[in-house]
*Asks:* 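Once you've had a glance at the structure underneath, I'll fire off some questions.
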Amino acid sequence: MAVPYQVNQAGELTIGGVTATSLAQKYQTPLYVYDVNSIRNQMRAFKTVFINRHIDYAVSYASKAFATVAMYEVAAQEDIHLDVVSGGEIQTALAANFPMANVSFNGNNKSAEELGMAIDNGLGTIILDNFYEINLLHDLLAERNQKQNVLLRITPGVEAHTHDYISTGQTDSKFGFDVNSGQAQQALAQTLADPYLNVLGVSAHIGSQIFDVTGFQMAATKLVDLVHEWGFEPQVINTGGGFGIRYTKEDQPLPATEFVEAIIDTITEKTTAYGMTMPTIWIEPGRAIVGPAGYNLYTIGSRKDVPGIRSYLSVDGGMGDNIRPALYEAKYEAVLANNPSAPSEQVVRVAGKYCESGDVLVWEQALPQTKPGDVLAVLATGAYGYSMASNYNRNPRPAVVFVEDGKDQLVVERETYTDMLRLDKHYQ
Ligand SMILES: *Cc1c(COP(=O)(O)O)cnc(C)c1O
């Protein structure tokens, strides 16, 4: 199945009821555009199964996928929790007036400053990752005579079928407490004995862009087995994120609801079998919430035809606004904004404007004839595009526009050259 998109009566690409070409004209390109209804629908899809089955839950948006004030505001409106991984994301949550009790903090090397920021701002849950952090957090809490809810991140040794670079669930991982060596159990003993820590439960994250439920069932099984073996009844079991999305017609993602059903079923069966109280289930979808909602708009510029090899079609953005193809060989699909369904007449490689041969946005794309000035839309770019954007080659980062019910609104301004130079100092 092709990556879905909307068209108007004239057959032009629309996003949230507004034509992509008019957005490109109004805000210039390159441009990040989000269909806010799509974001809301995905958030609701993850929640509905829990609600229908009367299971206590938290859907915590893994905000590293796309972290801006406006995005956090949409999450708050939908009663979605937030997972952050840095002081910058905490600051963004504060700027968005996000309810800090609904924020959790992941990461393998949180600094004392970041942890201090978390506990001073009432951040709900810190997901402890290593012994260094347990001790650091203990000291910060002792200084303040304050207590903090925590989860323990466990490396469950479950391998999800995914690209090596973005897989974090194996034993050979920088994240979490290792099970086989006994570190996880030791961490539990230490944190349970700590008067400043309130251990809510355990957490795992097995990878990204996962297309079947098996990995989640295995991870959930492992987590319940472990806590049972350790004689610990968790209030919370967090099975993490990684729910796959459709980037191209080759991808066959499952609906959000199927992942949630499988996770609930596994945890219900296992805890019932052990006679344990049913815990609150947390999940941390990132990509699946924002990925399908995002469109990157570009203007087509130069072209190079290498006879007998391929044609390169260059656009005014590239790896500075979407590094995933260069970094992970990630695949996307692009359409011509003014006529996305036109029959294809050429196959091109869509290249960016950055000085790297690997600066590619789409490896192989069939398109109708194109000319300089046409607007090209890359689909399903909402996750890890803006959040991984850089100023490589001193290109300013694009603006972000939210569109909902036919209304468009600028939510992140386009960076200017002045913005980029603001931190530079002369060397005398
Ligand atoms: C990245 C990450 C997620 C989200 O992953 P997606 O593939 O975007 O769903 C969730 N939890 C943790 C701990 C992560 O590091």
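Note: hydrogens, waters and symmetry copies are ignored here, and every other heavy atom, side chains too, is used. Ligands are counted one by one from 1 in listed order, and the atoms in each one are counted from 1 as well.
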*Asks:* Numbering the atoms of ligand 1 from 1, which are under 4.0 Å from a heavy atom of A62?
*Replies:*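 Atoms satisfying the 4.0 Å criterion: 3 (C), 4 (C), 10 (C).
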*Asks:* Mark up the atoms of ligand 1 that fall under 4.0 Å of a heavy atom belonging to N106, in ascending order.
*Replies:* 13 (C)
*Asks:* Only one of D316, N322, D321 forms a side chain to side chain donor-acceptor pair (under 3.5 Å) with Y298, so which one is it?
*Replies:*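 One option only clears the test, and that one is D321.
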*Asks:* State whether the shortest distance between N or O atoms of G242 and N or O atoms of ligand 1 falls below 3.5 angstrom.
*Replies:* yes
*Asks:* So which atom in R349 and which in W363 form the shortest heavy-atom distance, rounded to 0.1 Å?
*Replies:*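 Closest pair (atom of R349, atom of W363, distance): NE-O, 3.0 Å.
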*Asks:* Which atoms of ligand 1 sit under 4.0 Å from any heavy atom of Y384?
*Replies:* 1 (C), 4 (C), 5 (O), 6 (P), 8 (O)
*Asks:* Applying a heavy-atom cut-off of 4.0 Å, say which part of R287 lies close to ligand 1: side chain, backbone, both or neither.
*Replies:* both
*Asks:* Check residues 115-126 and write down every donor-acceptor pair under 3.5 Å in which the side-chain atom is one partner and the other belongs to a residue at least two apart or another chain.
*Replies:*
| from | atom 1 | to | atom 2 | distance (Å) |
| --- | --- | --- | --- | --- |
| D120 | OD1 | R144 | NE | 2.7 |
| D120 | OD2 | R144 | NH2 | 3.1 |
| N121 | ND2 | M117 | O | 2.7 |

*Asks:* Output the list of atoms in ligand 1 that are nearer than 4.0 Å to some heavy atom of S208, sorted by atom number.
*Replies:*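 Atoms satisfying the 4.0 Å criterion: 5 (O), 6 (P), 7 (O).
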*Asks:* Give the atoms of ligand 1, by number and element, whose distance to some non-hydrogen atom of R153 is under 4.0 Å.
*Replies:* 13 (C)
*Asks:* Give a yes-or-no answer on whether the side chains of T68 and Y386 include a donor-acceptor pair shorter than 3.5 Å.
*Replies:*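 Result is no, nothing qualifies.
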*Asks:* Return all side-chain donor-acceptor pairs below 3.5 angstrom for residues 398-410, not counting sequence neighbours, or 'none' if the list is empty.
*Replies:*
| from | atom 1 | to | atom 2 | distance (Å) |
| --- | --- | --- | --- | --- |
| E404 | OE1 | R40 | NH2 | 3.3 |
| E404 | OE2 | R40 | NE | 2.8 |
| D405 | OD1 | N37 | ND2 | 3.0 |
| D408 | OD2 | K26 | NZ | 2.7 |
| D408 | OD2 | Y27 | OH | 2.4 |

*Asks:* Pairing donors with acceptors under 3.5 angstrom, does anything connect the side chains of N97 and Y72?
*Replies:*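 Side-chain D/A pair, N97 to Y72: absent.
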*Asks:* Test your reading of the structure: does E284 have an N or O sitting under 3.5 Å from an N or O of ligand 1?
*Replies:* yes
